[in-house]
Each structure stands twice: as structure tokens, then as C-alpha cells.
Number of protein chains: 2
Amino acid sequence: MTTLSEAIHSGALRGNVLASTCPSRDILKHVTSRWGVLVLIALQGGTKRFAELRRLIGGVSDRMLAQTLQLLEEDGFVLRHDHQEVPPRVDYTLTPMGEEVAEHVRALADWIEGNLPRIMAHQSEPAETV
Amino acid sequence: MTTLSEAIHSGALRGNVLASTCPSRDILKHVTSRWGVLVLIALQGGTKRFAELRRLIGGVSDRMLAQTLQLLEEDGFVLRHDHQEVPPRVDYTLTPMGEEVAEHVRALADWIEGNLPRIMAHQSEPAETV
DNA sequence: CGGTATCCTCCCAGATACTG
DNA sequence: CAGTATCTGGGAGGATACCG
């Protein structure tokens, strides 16, 4: 009797996220934010410098990149390493925890990329008889 | 020689998402939006009516719920069924495609919920020597 | 190079009111 | 019940300038 597993899948227990008070929502917000998603994916390729990330992630500004990296660092997903050199050299790496979330985020992004044709096809469909 | 697989994991090919022109970003935006995430998760429990979703998802307004459902319907993730009754009765179901994304989204949300202690613990850590 | 500070703008999203 | 319409404030996020 897998009460727990069943309960989870039926949505009975797993659902704290659905409650407005659930702290997960905040973390989720950082991770699923416009630039958060892309930073996590970009860092899956290994340690990267600031300018490297800015170049990799199309359209991101200095401001938003820095802000996003700070949030992810606070959450413990990204490790910031300042080499204390002149000219400045700072690089960013996923922590073990960061690797785990990044894996999920990437899986989602990959699924979307892989199924774009299916999605686009549906979007242009004439509304069928309901 | 798994050139493709290797290329994907090294970040060489998988990276259209990182390009500002990638259409995936739009879909990703819908799916990872504040309410999009929660709607997908809520609908994993099976077909639900409008009011049911509003009750399940803490803090959502009529306006945002309707708007989110419309977007997800356009993308082909949600099927809207209007029973054409009085009083009105409309229910929402995940399409097969919707089930697939929802699974990824739920995996992410579950990971966060399951690792909240780890995350919170890190957040209150004093900055270690780097 | 790797940021921060400031200003400014637009759109997300909440509140309220109304409808079939 | 299941929405839409309208108004509005706040925050996300871009542009620019500056700094160690």
C-alpha cells in the first residue's frame, strides 16, 4: 500500500507549493526567472567568467546578470570566485546543489526545444469543434 | 561515437535557448511563469474546474488564472472544455503534451520542496572564506 | 574586467466592478 | 459559475554613467 506515493501523485501531499505560504515559491521564483533559467543552463557547461556568461546569454544586461547571479549565489546554487586580480577576474560555478536544479531546469528547456515543432503546429491550428 | 549526445552535454548544440531569438524562450516563459507552474502542477491531479483551480492555487486571482489558462491552452498544454450549461461549467485538462511538460515542472518543484532545508540552511550561513 | 548606482519605462498583476 | 473590462501601483528590467 504505497499510501505516500499515491498521495503524492494524486496531489494530496505534494501540494505545499500550491499554498501561497509555501517558501518554495520564492526559490522557484529565482530558479524559473527569465534569466535564472538561462544562467543555470549556461553554467552547466562548466565554470564561466562574467563576460563569458553575458556573451553566452543573448540579451542579458550587466545589471540583470549580476543580480541573477547574486540571487543564485544566496540560494546556494552558484559559487562565486573572485581571483582578486587586476584586471578583475571572477568566475562562477554551479555548486553540487546547483547542478541538481540545473539538471531539472535543463530537462524542461530541452523538452521544450525538442517539442517546439509540435507546439508551434498546435498554435497555428484552427480552433476545432469542441 | 556519440557526437550528438556529447555536443549536447558540453553545451555546444543545446544552446539555442541561450540565443535571444530562440522561440523556446516564449514557451518557457509561459511554463515557468508564476502561475503557469502552479496550474500545470494542479492539473496533474486530473481534470479540474475553474473554481477548483482557484481554490487549489493559493493567491491566484480570477484574472491571472484565466489568462494563464488561455496561454497554456494556446500552447497546446491544456484542453478547455465548455459544457455549455447554465450555470456555466468549464473544465480544464492537461493534453498529452501538457502532461509531459507538467512532469518536468513538477520534478523541479518537488526537488525544491524536498531540498528546502538544505537551501534555507545555506542562506543563513555566514559567508565562508573563499 | 566586473561590476554598482541612478534614472526611467513598461508591463505584470492585483483590486474592483460588471456580465452571460 | 466563469469569466471580461478597466484602472492602477509596483517591480522587473533596459540605458547610461561611473568606479576599483
Side-chain angles (χ1 to χ4, degrees), chain A residues 18-22 25-40 42-43 47-75 78-93 127 130, chain B residues 18-22 25-40 42-43 47-75 78-93 127 130:
Chain A
L18 298 178
S20 49
T21 55
C22 183
R25 282 206 189 173
D26 295 324
I27 310 297
L28 203 56
K29 183 151 190 157
H30 301 165
V31 166
T32 64
S33 72
R34 179 170 182 195
W35 304 116
V37 173
L38 302 181
V39 164
L40 288 173
L43 282 180
T47 298
K48 303 252 179 311
R49 297 180 61 173
F50 189 86
E52 227 173 332
L53 287 171
R54 189 180 39 201
R55 186 173 38 76
L56 271 169
I57 302 173
V60 72
S61 64
D62 285 2
R63 194 172 109 76
M64 291 316 298
L65 183 54
Q67 189 180 101
T68 303
L69 285 168
Q70 274 179 26
L71 276 176
L72 294 178
E73 193 196 356
E74 284 171 22
D75 291 342
V78 164
L79 193 67
R80 185 192 127 110
H81 180 34
D82 189 338
H83 291 241
Q84 305 283 13
E85 296 175 0
V86 173
R89 186 168 151 224
V90 181
D91 47 41
Y92 295 88
T93 314
V130 183
Chain B
L18 298 178
S20 51
T21 54
C22 184
R25 282 206 188 172
D26 295 325
I27 310 297
L28 203 56
K29 184 151 189 159
H30 302 165
V31 166
T32 63
S33 72
R34 178 171 182 194
W35 304 116
V37 173
L38 303 180
V39 165
L40 288 173
L43 283 179
T47 299
K48 302 254 180 312
R49 296 183 58 174
F50 189 86
E52 226 172 333
L53 287 170
R54 189 180 38 201
R55 186 172 39 76
L56 270 169
I57 302 173
V60 72
S61 63
D62 285 1
R63 192 173 110 75
M64 292 316 297
L65 182 54
Q67 184 180 309
T68 303
L69 285 167
Q70 275 179 27
L71 278 175
L72 294 179
E73 193 195 358
E74 285 170 22
D75 292 341
V78 164
L79 193 68
R80 185 192 128 111
H81 180 33
D82 189 338
H83 291 243
Q84 306 282 12
E85 295 175 0
V86 172
R89 187 170 150 222
V90 181
D91 46 42
Y92 296 88
T93 314
V130 183

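Residue numbers begin at 1 in each chain, while the letters A, B, ... track the order of the sequences. Given the structure is predicted, the values throughout are model-derived calculations rather than measurements.
Comparing A/K29 and A/A51 against DNA chain C, the residue whose closest nucleotide sits nearer the 5' end is A/A51. Comparing B/P87 and B/R34, the nucleotide of DNA chain C nearest to each residue sits closer to the 5' end for B/R34. Comparing B/E52 and A/W35 against DNA chain D, the residue whose closest nucleotide sits nearer the 5' end is B/E52.
The stretch residues 59-74 of chain B comes close to DNA chain D through B/D62, B/R63, B/A66, B/Q70, each having a heavy atom under 4.0 Å from the strand.
Applying the salt bridge (charged side-chain N to carboxylate O under 4.0 Å, His left out) criterion to B/R89, with sequence neighbours excluded, gives B/E85.
Counting only heavy atoms from C-beta outward, the side chains of A/L38 and B/R25 approach each other to under 4.5 Å.
Nearest heavy-atom pair, A/V60 versus A/L65, reported as atom, atom and distance to 0.1 Å: CG2-N, 3.8 Å. Across every non-hydrogen atom of B/D82 and B/R80, the tightest pair is OD2-NH2, 3.4 Å.
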>> Let's go through A/M64 and A/Q67 carefully: what are the C-alpha distance in whole Å and the side-chain angles of both, what is the deciding distance for side-chain contact (heavy atoms from CB on, under 4.5 Å) to 0.1 Å, and is it a yes or a no?
In response: CA-CA 5 Å; A/M64 291 316 298; A/Q67 189 180 101; 3.5 Å; yes
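In this structure, CD1 in B/I27 is found 11.0 Å from OG1 in B/T32, a value given to the nearest 0.5 Å. The OH atom of B/Y92 sits 12.0 Å away from atom OG1 of B/T47, with the distance rounded to the nearest 0.5 Å. Atoms OG and CZ, on A/S33 and B/R34 in that order, are 14.0 Å from each other to the nearest 0.5 Å.
Residue B/V78 is tested with B/L72, B/L71, B/T68 for a side chain to side chain contact (heavy atoms under 4.5 Å, CB included); the sole match is B/L72.
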Please list every donor-acceptor pair under 3.5 Å in which a side-chain atom of residues 48-59 of chain A meets a protein atom from a residue at least two apart or in another chain.
unit_1: A/K48; atom_1: NZ; unit_2: A/G45; atom_2: O; d: 3.3
unit_1: A/K48; atom_1: NZ; unit_2: A/G46; atom_2: O; d: 3.2
unit_1: A/E52; atom_1: OE1; unit_2: A/R49; atom_2: N; d: 2.9
unit_1: A/R54; atom_1: NH1; unit_2: A/D62; atom_2: OD1; d: 2.7
unit_1: A/R54; atom_1: NH1; unit_2: A/D62; atom_2: OD2; d: 3.3

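A 4.0 Å heavy-atom criterion places the boundary nucleotides of DNA chain D facing chain A at D/dG13 to D/dG20, written 5' to 3'. Where DNA chain C meets chain A (any atom under 4.0 Å from a heavy atom), the bounding nucleotides read 5' to 3' are C/dC1 to C/dT6.
Annotation: the terminal axes of the helix from C/dC1-D/dG20 to C/dG20-D/dC1 meet at 50°, where each axis is the rotation carrying the C1' atoms of four end pairs onto the next four (5 pairs per end, rounded to 10°).
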